[in-house]
Amino acid sequence: MMSDLLKLVAYPASFIMIGYGAMTILGGHITPGGGFQGGAIMAAGAILCILTYGLKDNPFSLSHERMSIIEGLGALCYVALGLCGLFYSGSFLYNLGTNIYDLVPSGIATIFNFPDAVNAGIIPYLNIVVGLKVFMGLTTLVILFYGVTKYREDYVDEEEIE
């Protein structure tokens with residue numbers, strides 16, 4: 001059981017970590033970082049609460065069904081963005097917004113075209129879906145390991161281990 005002081009600090013710190021991870025994901029097309037790094041930072045925030053509060057008392061209600069839906073949605077959106085590039089240009093994950101080789105119709109290119117100076121096209125969308133996938137994947141992995149460890153502590157005698 002964790003101390004009350006650690007529980008008091010872990011919950012706000014996890015929100016800061018998840019916010020920083022989201023900022024890393026959303027700025028990944030113009031700064032170092034992106035989907036994987038931001039997803040890992042967000043997972044670290046959720047993992048901090050899981051390890052501090054335990055699986056049952058965790059303030060984030062991360063059920064297996066919800067996590068698998070979000071992770072699957074991230075993978076599905078990644079493939080869909082890749083197929084959009086394949087359909088309109090002939091190359092998987094072609095950057096539709098920048099339209100480097102002028103292969104994409106102008107109506108489709110304007111959907112992914114950002115009005116900033118550093119036109120990123122589909123890269124921010126890819127960062128978001130990769131971040132969701134990594135966030136849920138790493139968190140699921142830790143929940144699995146935590147659950148197996150807790151099961152061994154609760155139900156397996158030390159004599160059976162040796």
Side-chain angles (χ1 to χ4, degrees), residues 2 5-53 55 58-146:
M2 296 290 169
L5 181 61
L6 186 58
K7 287 181 181 181
L8 183 69
V9 172
Y11 191 54
S14 67
F15 275 106
I16 292 170
M17 293 170 79
I18 289 173
Y20 182 66
M23 185 180 75
T24 303
I25 289 171
L26 295 176
H29 63 288
I30 54 173
T31 61
F36 185 84
Q37 294 86 346
I41 294 168
M42 291 171 72
I47 291 166
L48 176 65
C49 274
I50 290 168
L51 295 178
T52 303
Y53 289 95
L55 288 177
N58 187 11
F60 299 112
S61 66
L62 298 171
S63 67
H64 176 69
E65 295 83 17
R66 186 177 299 148
M67 292 175 69
S68 65
I69 287 171
I70 293 171
E71 187 176 10
L73 185 67
L76 184 66
C77 289
Y78 186 86
V79 171
L81 285 170
L83 290 176
C84 284
L86 183 65
F87 179 71
Y88 286 108
S89 72
S91 298
F92 187 74
L93 286 177
Y94 182 78
N95 199 348
L96 298 174
T98 57
N99 198 13
I100 298 168
Y101 299 112
D102 202 28
L103 300 172
V104 180
S106 63
I108 300 298
T110 55
I111 293 172
F112 295 105
N113 193 358
F114 286 91
D116 62 353
V118 187
N119 186 2
I122 65 168
I123 304 299
Y125 301 110
L126 292 173
N127 282 338
I128 290 168
V129 297
V130 167
L132 284 175
K133 178 102 174 86
V134 170
F135 174 38
M136 289 297 127
L138 291 176
T139 306
T140 302
L141 189 65
V142 169
I143 287 174
L144 176 70
F145 286 153
Y146 187 84

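This is a predicted model, so every value here is computed, not measured.
Taken to the nearest 0.5 Å, the CG atom of Leu132 stands 8.0 Å off from the SG atom of Cys77. Summarising the geometry, atom CD1 belonging to Ile128 is positioned 12.0 Å from atom CD1 belonging to Ile123; distances are rounded to the nearest 0.5 Å. To the nearest 0.5 Å, atom CG of residue Leu48 and atom CZ of residue Phe60 are 9.0 Å apart. Taken to the nearest 0.5 Å, the OH atom of Tyr88 stands 12.0 Å off from the CG atom of Leu83.
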Mind running side chain to side chain contact (heavy atoms under 4.5 Å, CB included) on Leu26 and Asn127 for me, showing each step along the way? CA-CA 7 Å; Leu26 295 176; Asn127 282 338; over 6 Å; no

So Ile122 and Tyr94, side chain to side chain contact (heavy atoms under 4.5 Å, CB included) or not? Walk me through it. CA-CA 8 Å; Ile122 65 168; Tyr94 182 78; over 6 Å; no

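The heavy-atom pair separating Tyr11 from Ser14 by the smallest distance is O-OG, 2.6 Å. Taking every heavy atom of both residues into account, Thr52 and Ala10 meet most closely at OG1-CB, 3.6 Å. Closest of all the heavy-atom pairs between Met17 and Gly45 is CE-N, 3.7 Å. Cys84 approaches Leu96 most closely through the heavy-atom pair CB-CD1, 3.7 Å.
Heavy-atom neighbours of Phe87 CZ from other residues, nucleotides or ligands within 6.0 Å: at or below the threshold of 12.
No donor-acceptor pair closer than 3.5 Å links the side chain of Tyr146 to the backbone N or O of Leu51. At distances below 3.5 Å, at least one donor-acceptor pair connects side-chain atoms of Ser68 with backbone N or O atoms of Glu65.
Across Thr139, Leu141, Thr140, a single residue satisfies side-chain contact (heavy atoms from CB on, under 4.5 Å) together with Ile143, and that is Thr139.
Residues in residues 69-78 take part in these salt bridge (Lys or Arg N to Asp or Glu O under 4.0 Å) pairs, two or more places apart or across chains: Glu71-Lys133.
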